[in-house]
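We count ligands from 1, going down the list as the structure has it; atoms in each ligand are counted the same way. Remember, it's a predicted structure, so these values are computed and weren't measured experimentally. Hydrogens, waters and symmetry mates play no part in the numbers below; they use all other heavy atoms, side chains included.
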Amino acid sequence: METAGKPNQDWKADRYAQHAHFVPALGAPVLELLKPQAGERILDLGCGDGVLTEKLAATGAVVVGVDAAADMIAAARRRGLDARVMEGGKLTFAGEFDAVFSNAALHWMKQDRDAVIAGVHRALKPGGRFVAEMGGHGCVAGITVAIIAVLERHGIKDGAATIPWYFPTVDDYRARLERGGFKVEYIELIPRPTPLPTNMAGWIELFAQPFLNRLPAEQRAGAVEEVVEMLRPVLCDEQGRWTGDYIRLRFAAHRQ
Ligand SMILES: C[S@@+](CC[C@H](N)C(=O)[O-])C[C@H]1O[C@@H](n2cnc3c(N)ncnc32)[C@H](O)[C@@H]1O
């Protein structure tokens, strides 16, 4: 099943838990930046399977999670959370949240980036805060170049057109937030080399499907191997441990 309205994404909670639970585990600094207070109403945008949403709720905040992927929302509901299937670019809330929080999701909302900011603005009470972390400019650059090079070997000359992520610079995202009616208190790019628990092949299987979908099914496993071997000299250490070349963009802003 494909993610609603996003034919290039196919998020499944079991695969996410297997390959990517480092994502919510590394969300602690952005939670600290949010400083959730008991009783506040908080929206978790792109909540996934709800691991961080649950942490938010444990602070006593009243949390709603939204995500475009029905399978992820089903997993979040199994945690007892108020979680709803909703597109980030089509948020339906109006003036009801003290804060909107997001971890590792905004860069997937590539086509809707300004509609997302507009919907967050509408969802917030006046003065409400928007605190988030997403991939930032240069994130997974090495991995992306290797995938595009392997696609080219397989006859796909426009692999870059398939890049599914939007990794903005500080200047770009600050300007978008300001145009969208936010005052930005803090925004920073943070290099964060990230250990990959299921190695590079696991990472590619989970996060790089849009690229692999360009190839006939029978070529995909071989292509993953080629990417892995291309990256081994730079992202795998002597002990065989893989590190992703992550760069995060973290910010705190409030609705003017
Ligand atoms: C890497 S996961 C992050 C999940 C969670 N925030 C966490 O920290 O574990 C990215 C999530 O963004 C969601 N997503 C991607 N595009 C979306 C969109 N346009 N609207 C809403 N959710 C979206 C995906 O379904 C996925 O659950």
Side-chain angles (χ1 to χ4, degrees), residues 1-34 36 42-58 63-79 81-93 99-120 123 130-136 139-140 143 163-167 192 194 196-198 202-210 244 246-250:
M1 187 189 62
E2 292 182 330
T3 299
K6 298 282 157 202
N8 265 341
Q9 296 182 41
D10 181 18
W11 293 91
K12 290 286 189 293
D14 54 352
R15 282 208 312 253
Y16 191 68
Q18 182 191 357
H19 296 298
H21 262 174
F22 65 88
V23 175
L26 294 173
V30 67
L31 268 186
E32 274 164 37
L33 187 63
L34 174 67
I42 299 180
L43 177 67
D44 184 355
L45 172 55
C47 65
D49 61 357
V51 172
L52 270 181
T53 325
E54 201 169 37
K55 287 195 176 152
L56 267 178
V63 187
V64 178
V66 294
D67 198 286
D71 197 64
M72 300 293 258
I73 286 295
R77 285 194 186 140
R78 287 196 290 277
R79 298 178 193 276
L81 295 164
D82 178 350
R84 311 173 192 178
V85 176
M86 198 181 291
E87 274 292 323
K90 294 181 185 152
L91 297 178
T92 57
F93 307 102
V100 175
F101 170 82
S102 185
N103 183 57
L106 295 172
H107 53 269
W108 288 98
M109 305 178 199
K110 185 177 181 176
Q111 315 306 334
D112 305 329
R113 51 197 120 173
D114 291 319
V116 168
I117 292 172
V120 169
F130 183 18
V131 177
E133 184 168 307
M134 63 194 289
C139 192
V140 296
I143 300 175
I163 295 173
W165 314 293
Y166 161 59
F167 292 139
R192 194 199 66 194
T194 301
L196 303 180
T198 54
W203 191 94
I204 294 168
E205 189 194 317
L206 185 75
F207 291 114
Q209 279 300 334
Y246 274 54
I247 298 177
R248 311 317 279 170
L249 182 70
R250 194 180 295 159

**Report entry** G89 heavy atom under 4.0 Å from ligand 1
**Finding:** no
Query - Where ligand 1 meets M72 - atom numbers and elements under 4.0 angstrom, heavy-atom basis - result: 27 (O)
Report summary line: Here the atoms of ligand 1 under 4.0 Å from any heavy atom belonging to A69 are 25 (O)
Query raised in the report: Based purely on interatomic distance, does A68 place a nitrogen or oxygen under 3.5 Å from a nitrogen or oxygen of ligand 1?
Result: yes
Requested in this report: Give a yes/no on ligand 1: does Q111 have at least one heavy atom closer than 4.0 angstrom to it?
Outcome: no
Requested in this report: Examine E87 against ligand 1 and note whether any of their N/O atoms are separated by less than 3.5 Å.
Outcome: yes
Query raised in the report: Quick one: does P210's side chain get under 4.5 Å of W165's, heavy atoms only?
Result: no
Query raised in the report: Should one rank A105, A25, G46, A75 by closest heavy-atom distance to atom 4 (C) of ligand 1, which comes out on top?
Result: G46
Query raised in the report: Is there a side-chain contact between Q209 and D10, using heavy atoms and a 4.5 Å cut-off?
Result: no
Query raised in the report: Which atoms from ligand 1 have a heavy atom of M86 less than 4.0 Å away?
Result: 21 (C)
**Report entry** Nearest neighbour of atom 7 (C) of ligand 1 from the list F101, F207, W11, Y16, on a heavy-atom basis
**Finding:** Y16
Query raised in the report: Does a side-chain heavy-atom distance below 4.5 Å link H107 with C139?
Result: no
Requested in this report: Would you mind telling me if ligand 1 is within reach of the side chain of A20, the backbone, both or neither, using heavy atoms under 4.0 Å?
Outcome: neither
**Report entry** Interatomic distance, E133 atom CD to L34 atom CG [nearest 0.5 angstrom]
**Finding:** 12.5 Å
Query raised in the report: Is it true that D67 lies under 4.0 Å from ligand 1, counting heavy atoms only?
Result: yes
Report task. Decide whether an N or O pair under 3.5 Å exists between G88 and ligand 1. Result -> yes
Query raised in the report: Hey, does L45 have a side-chain heavy atom less than 4.5 Å from the side chain of V116?
Result: yes
Query - Atoms in ligand 1 with a heavy atom of L52 nearer than 4.0 Å - result: 8 (O)
**Report entry** Test item: V63 and L81 side chains (from C-beta on) under 4.5 Å apart, heavy atoms
**Finding:** no
Report task. Show the numbers, then the answer: is there a side-chain contact (heavy atoms from CB on, under 4.5 Å) between F101 and T53? Result -> CA-CA 9 Å; F101 170 82; T53 325; over 6 Å; no
Query raised in the report: Is the closest heavy-atom distance from G27 to ligand 1 below 4.0 Å?
Result: no
Query raised in the report: If we only count heavy atoms from C-beta on, is the T194 to W203 side-chain gap below 4.5 Å?
Result: no
Query raised in the report: Got Q18 and L206 here, is their nearest side-chain heavy-atom distance under 4.5 Å?
Result: no
Query raised in the report: Quick one: which ligand 1 atoms are inside 4.0 Å of a heavy atom on W108?
Result: 10 (C), 15 (C), 16 (N)
**Report entry** A104: numbered ligand 1 atoms lying under 4.0 Å from its heavy atoms
**Finding:** 1 (C), 2 (S), 3 (C), 10 (C)
Query raised in the report: Just by modelled atom types, is the A28 backbone N or O under 3.5 Å from a matching donor or acceptor in the K55 side chain?
Result: no
